[in-house]
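Read through the structure below, which is laid out as structure tokens, and then see the notes.
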Amino acid sequence: MDEKPGLQISNRTPLLDTVNVPADLRKLPESDLKQVADELRAELIDAVSLTGGHFGAGLGVVELTVALHYIFETPHDRLIWDVGHQAYPHKILTGRRDRIRSIRQGGGLSGFTKRSESEYDPFGAAHSSTSISAGLGMAVARDFKGEKRDVIAVIGDGAMSAGMAYEAMNNAGSMDSRLIVILNDNDMSIAPPVGALSAHLSRVLSSKSFMSLRQIGGEVARHLPKRLEHMARRAEELARSFVTGGTLFEELGFYYVGPIDGHNMDHLLPVLKNIRDRADSGPVLVHVVTEKGHGYLSAEQSDDKWHSVAKFDVVTGAQAKSSSKAPSYTSVFAKSLIKEAEKDDRIIAITAAMPSGTGLNLFEERFPKRTFDVGIAEQHAVTFAAGLAAEGMKPFAAIYSTFLQRAFDQVVHDVAIQKLPVRFAIDRAGLVGADGQTHAGSFDVTYLGCLPGFVIMAAADEAELVHMVATCAAIDDGPSAVRFPRGDGVGVAMPEIGLQLEIGKGRIVREGTSIALVNLGGRLAECLKAAQDLGAYGLSTTVADARFAKPIDTDLISRMAREHEVVITIEENSIGGFGTQVLHHLAMTGQLDNGLKIRTMMLPDVFLEHDSPNAQYDTAGLTARHIVATALAALGRDIAEQPARA
């Protein structure tokens, strides 16, 4: 076989080296595909060991990825990966292998599917459970345009726990649009339920002859009396369900095939061919069973199957560890909540399929009966918490900022309007580095700050977070939220116990006379550095930590405006957040009428690309250097001016 331009044949991956795009893969005989999959898995392991990133899910779909691109004419046929964190093998096969070691790095490949990155990514995904809805939309668009192509949505069993997936299936099942859904089930055993008998039955049930026979049977049944027609249909459905277990999907209107072994090409290929070649329309669900972490022992033996990893040693499986001596914000939250729960047995912890990501795995070890993982169901999580609060419990809903967006309607109607004291622990506030724009907590101060009665806090450091958890626990007359960054704290001394903060009151961290920096959240250390740097220009600087995004400390803000020539607000949030609240207060009280120089620094009005957190904040203009430049510009000075001598 001729080599592709730019590709070199290696001893380690000789077949994979001949595949630049799926069209190359489809030139190979079926007998070569197992070797291609083995080489693809080796390439994935090597690449992620150098970069870190999502790992276990990708290992689990290597064979499925090869089979799908071999059977279907991608990119003409649309292949949609739900969530997208399992799409690394897909990226390697679709012209991006030469960049795979740039994944999640600045200027490199996204860790998720992304429309602007490749024509093989027809739909961008990073939040789960969207693939069936998007796929159905594409299928209906195809039908309107009179085109001929298949649409395939690959969705995991975890993502199927979200209501959106069932909403989409219910809609698809009531229509006649041709749609293929691959249920990637890595939560059940491959054997014995997915052995030779199941594979044989799946081939039969997906074959043209059986599907045609079923259609003929349907036509015959339609001419029978209604009672006999119903009995005939039920008998056929029950017979199929007895051997396949697809009753639920059949009831939703899908033709169910499976379960089949997702690591066995001899099982996958004939079923996918049959599904591709069927003449009828309507939705089909193929139930494929895989093992997360498959093919790499350290991942297979891990409880979380190595969902996301740091750089690691391929031989030993040892992952690189952070050199920071400060605790992570997530662990500080969890330990603080445990201390509060030890004092109050009404405290309940809720997570939406992110127990380790939110630190609630630690809470669960201490209070297993007071911890609830509701699955990928943020809407349910919020209203579930509202129900608990309505009965006098103290629920803490620990949900990433970017995931809480999915439950905004429930936050408004089920929590805020009813003034129920649900406590929201909002992890991953601000920019999140390698996970990029889809996971950045950029909007929560804005979308919660517009709701009446909300108390919103932002932790400037890990010690503040301890006090804010205690404050949330004490608020019983309405909803509250505390937001905190991803990653490690700044290394401050930690309090033994959390103290209740006075609602709506900030603190002065450093006193000055000329410039006032009013910080909200995790940029406090940068503000202190900026204040020191401004001193070199002869500018005395006050640094205040607002603590509360709502209600804001109006006394503190008014004092800053009254006693300083320049006031600058700094926050890790979009427009419409803390700075907007401050400007509104100053405008409505006439404090902008006498020439006060005020500037609001926030995240820019763009979706920032993935990069290291430091690089992202530099791009966002929220570092000490940018704060200094903003202060000088407000005074008509340039940062290039010679600083005053000490």
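- No side-chain heavy atom of Thr358 sits under 4.5 Å from any side-chain heavy atom of Phe396.
- Side-chain atoms of Ser129 and Arg406 include no donor-acceptor pair closer than 3.5 Å.
- Once rounded to the nearest 0.5 Å, the distance linking CG of Asn264 with CG of Leu64 reads 12.5 Å.
- The NE2 atom of His287 sits 9.0 Å away from atom CG of Asn184, with the distance rounded to the nearest 0.5 Å.
- Checked by atom type and distance alone, the side chain of Gln35 never pairs as donor or acceptor with a backbone atom of Leu33 at under 3.5 Å.
- For the residue pair Ser574/Thr446, the side-chain donor-acceptor check at 3.5 Å is satisfied.
- Between Leu388 and Ile350, the closest side-chain pair of non-hydrogen atoms falls below 4.5 Å.
- At least one side-chain heavy atom of Ile180 sits under 4.5 Å from a side-chain heavy atom of Phe72.
- Remark: side-chain polar atoms of Lys91 are not paired, donor with acceptor, to backbone N or O of Arg99 under 3.5 angstrom.
- With a 4.5 Å cut-off on side-chain heavy atoms, Thr351 and Glu364 do not count as touching.
- In terms of heavy atoms, Tyr88 sits closest to Arg104 at OH-CD, 3.3 Å.
- Using modelled atom types, no side-chain atom of Ser102 and backbone atom of Gln105 make a donor-acceptor pair closer than 3.5 Å.
- In terms of heavy-atom proximity, Ile71 sits nearest to Arg276 at O-NH1, 3.0 Å.
- In this structure, NE2 on His85 lies 11.0 Å from OG1 on Thr113, to the nearest 0.5 angstrom.
- Proximity of Ile155 to Ile132: side-chain heavy atoms (C-beta onward) are separated by under 4.5 Å at one or more points.
- No donor-acceptor distance shorter than 3.5 angstrom exists from the side chain of Thr13 to the backbone of Glu39, with no hydrogens or angles considered.
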Verify salt bridge (charged side-chain N to carboxylate O under 4.0 Å, His left out) between Asp32 and Lys27, making sure each step is shown before the conclusion. CA-CA 10 Å; Asp32 281 349; Lys27 295 175 184 176; over 6 Å; no
Begin with the C-alpha distance, continue with both residues' side-chain angles, and end with the deciding distance and a verdict on side chain to side chain contact (heavy atoms under 4.5 Å, CB included) for Arg149 and Met138. CA-CA 10 Å; Arg149 62 162 54 93; Met138 292 180 180; over 6 Å; no
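- If you take CG on Asp121 and CZ on Arg96, they are separated by 4.0 Å, rounding to the nearest 0.5 Å.
- Taking both residues in full, the closest heavy atoms of Ala398 and Phe333 are given as CB-CE2, 4.1 Å, listed atom of the first, atom of the second, then distance.
- Nearest heavy-atom pair across Leu183 and Phe249 is CD2-CZ, 3.8 Å.
- Without hydrogens or angle criteria, Glu378 side chain to Gln405 main chain gives no donor-acceptor distance under 3.5 Å.
- When all heavy atoms of Pro89 and Gly58 are compared, the pair lying nearest together is CG-O, 3.5 Å.
- By the 4.0 Å N-to-carboxylate-O rule, Arg178 lies too far from Asp143 to be salt-bridged with it.
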For Lys273 and Glu30: C-alpha separation, side-chain torsions, deciding distance, then whether salt bridge (charged side-chain N to carboxylate O under 4.0 Å, His left out) applies. CA-CA 12 Å; Lys273 278 184 192 174; Glu30 286 187 15; 2.3 Å; yes
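- Taking the charged nitrogens against the carboxylate oxygens, Asp427 and Arg486 have no contact shorter than 4.0 Å, which rules out a salt bridge.
- The CG atom of Leu16 sits 6.0 Å away from atom CD of Glu43, with the distance rounded to the nearest 0.5 Å.
- Shortest non-hydrogen contact noted between Ala159 and Ser128 is CB-CB, 4.0 Å.
- Of the residues Phe403, Tyr400, Phe112, the one that meets the ring-ring contact (aromatic ring centres under 6.0 Å, His included) test with His127 is Phe403.
- Asn20 contributes no side-chain N or O that, together with a main-chain N or O of Gly95, makes up a donor-acceptor pair within less than 3.5 Å.
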Please evaluate residues Phe55 and Phe312 with respect to the criterion side chain to side chain contact (heavy atoms under 4.5 Å, CB included), reporting the C-alpha separation (whole Å), side-chain torsions for both, the decisive distance (0.1 Å), and the verdict. CA-CA 11 Å; Phe55 189 52; Phe312 64 93; 3.6 Å; yes
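- With rounding to the nearest 0.5 Å, the separation of CG in Leu28 from OH in Tyr70 is 7.0 Å.
- The neighbour count for Arg26 CZ, taken as heavy atoms of other residues, nucleotides or ligands under 6.0 Å away, is above 12.
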Considering only distance and modelled atom types, tabulate donor-acceptor pairs under 3.5 Å from the side chains of residues 73-80, sequence neighbours left out.
from	atom 1	to	atom 2	distance (Å)
Thr74	OG1	His69	ND1	2.8
His76	NE2	Lys148	O	2.7
Asp77	OD1	Asp150	N	2.8
Asp77	OD2	Glu73	N	2.8
Arg78	NH1	Pro75	O	2.9

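- A distance-only check finds no donor-acceptor pair linking the side chain of Asn170 to the backbone of Glu167 [under 3.5 Å].
- Using a distance-only test at 3.5 Å, with no hydrogens or angles considered, no donor-acceptor pair links the side chain of His610 to the main chain of Ile103.
- Under a 4.0 Å N-O distance rule, the pair Lys114/Glu609 qualifies as a salt bridge.
- Considering only heavy atoms from C-beta on, Arg483 stays 4.5 Å or farther from Leu448 through its side chain.
- Taking the six-membered ring where tryptophan is involved, the planes of Tyr120 and His90 are perpendicular, since the angle between them exceeds 60° and thus also 30°.
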Would you please test Gln379 and Asp409 for side chain to side chain contact (heavy atoms under 4.5 Å, CB included) and show each step? CA-CA 8 Å; Gln379 292 172 299; Asp409 183 64; 5.7 Å; no
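- The backbone N or O of Gly359 lies less than 3.5 Å from no partner atom in the side chain of Thr330, so there is not a single donor-acceptor pair.
- No donor-acceptor distance shorter than 3.5 angstrom exists from the side chain of Thr383 to the backbone of Gln410, with no hydrogens or angles considered.
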Given Leu40 and Leu44, is the side chain to side chain contact (heavy atoms under 4.5 Å, CB included) satisfied, shown in steps? CA-CA 6 Å; Leu40 179 57; Leu44 175 65; 5.7 Å; no
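- Residues Lys292 and Leu59 have side chains not in contact (no heavy-atom distance under 4.5 Å, counting atoms from C-beta outward).
- Looking at Val382 and Ile399, their side chains come closer than 4.5 Å, going by heavy atoms from C-beta outward.
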